[in-house]
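Quick note: numbers below take in every heavy atom, side chains included, and nothing from hydrogens, waters or symmetry partners. Both counts, for ligands and for their atoms, begin at 1 and track the order of listing. Just so it is clear, the structure is predicted and the values come from calculations on it, not from any experiment.
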Amino acid sequence: MQDCIFCKIVRKEIPAKVVYEDEHVIAFNDIHPQAPVHVLLIPKKHIPTLFDLTVEDAETISRLHLAAAEVARRLGLDQKGFRLVANCLEGAGQVVFHVHYHLLAGRELGWPPG
Ligand code: AMP
Ligand code: ZN
């Protein structure tokens, strides 16, 4: 996707503070952090929303979860834990239409989320 901001990060056309990368996944710090730790995990493949996933994407999505745990371990969150959030469509607050998970940690996280 030519104009997708997250595809541009995948292609290294715009800068990002990358904290993890493998063949399927890239993770980088959110530009407007909502917590002391706020990392975005995205598939390298452009998928607009969770509704657009197909069974072919199952491995990629599993790898996003594995990457989240690895990022959390690297950041020393293995005792305190973290939250993984995906907003799907505007009604849930999705602004960037390339599937991503927010990894949040480092402060008290209220439940239910707003
Ligand atoms: P969402 O509202 O779930 O679509 O989340 C999109 C997230 O992307 C927001 O938390 C933004 O702060 C973040 N974001 C947008 N552009 C960038 C960028 N260039 N680098 C890092 N994070 C970004
Ligand atoms: Zn994209």
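A pairwise comparison of heavy atoms in V25 and A67 identifies CG1-CB, 3.8 Å as the closest pair.
With a 4.0 Å heavy-atom cut-off, ligand 1 is reached by no atom of Q34. When non-hydrogen atoms are compared, ligand 1 lies under 4.0 Å from the backbone of N29 (N, CA, C, O) but not from its side chain. Looking at F97 against ligand 1, nothing comes within 4.0 Å, counting heavy atoms.
Residues D57 and T60 bring no donor and acceptor atom of their side chains to less than 3.5 Å of each other.
In terms of N/O distances under 3.5 Å, ligand 1 is approached by N87. The shortest N or O to N or O distance between I14 and ligand 1 is not under 3.5 Å. Taking only nitrogen or oxygen atoms, main chain and side chain alike, I31 reaches within less than 3.5 Å of ligand 1. Below 3.5 Å of separation, one finds an N or O of V96 facing an N or O of ligand 1.
Ranking the protein heavy atoms by distance from atom 2 (O) of ligand 1 puts G93 O, 2.7 Å first. With hydrogens left out, the protein atom closest to atom 4 (O) of ligand 1 is V95 N, 2.7 Å, a heavy atom. Nearest non-hydrogen protein atom to atom 7 (C) of ligand 1 is D30 OD2, 3.5 Å. Scanning all protein heavy atoms for the shortest distance to atom 16 (N) of ligand 1 gives I5 CD1, 4.0 Å.
Taking the ring centroids of H65 and Y101, they lie under the 6.0 Å cut-off.
Expressed to the nearest 0.5 Å, how far NE2 of H98 lies from CD1 of I5 amounts to 11.5 Å. For the atom pair CG of L84 and CG of L41, the computed distance is 6.5 Å after rounding to the nearest 0.5 Å.
In the vicinity of H102, heavy-atom distances shorter than 4.0 Å reach the ligand 1 atoms 1 (P), 3 (O), 5 (O), 7 (C), 10 (O). Close contacts of ligand 1 with H100, meaning ligand atoms under 4.0 Å from a residue heavy atom, involve 1 (P), 3 (O), 4 (O), 5 (O), 6 (C). Shown in contact with H32 at under 4.0 Å from a heavy atom are these atoms of ligand 1, numbered in order with element: 12 (O). Applying the 4.0 Å criterion to heavy atoms of F6 picks out, from ligand 1, the atoms 8 (O).
Screening H24, E21, E23 for a side chain to side chain donor-acceptor pair (under 3.5 Å) with K44, the sole residue that qualifies is E21. Among the candidates Q34, H38, R83, the single residue satisfying the side chain to side chain donor-acceptor pair (under 3.5 Å) test with H102 is H38.
As for H98, its N/O/S atom nearest the Zn ion (ligand 2) is the one called ND1. Within H46, ND1 is the N, O or S atom that lies nearest to the Zn ion (ligand 2).
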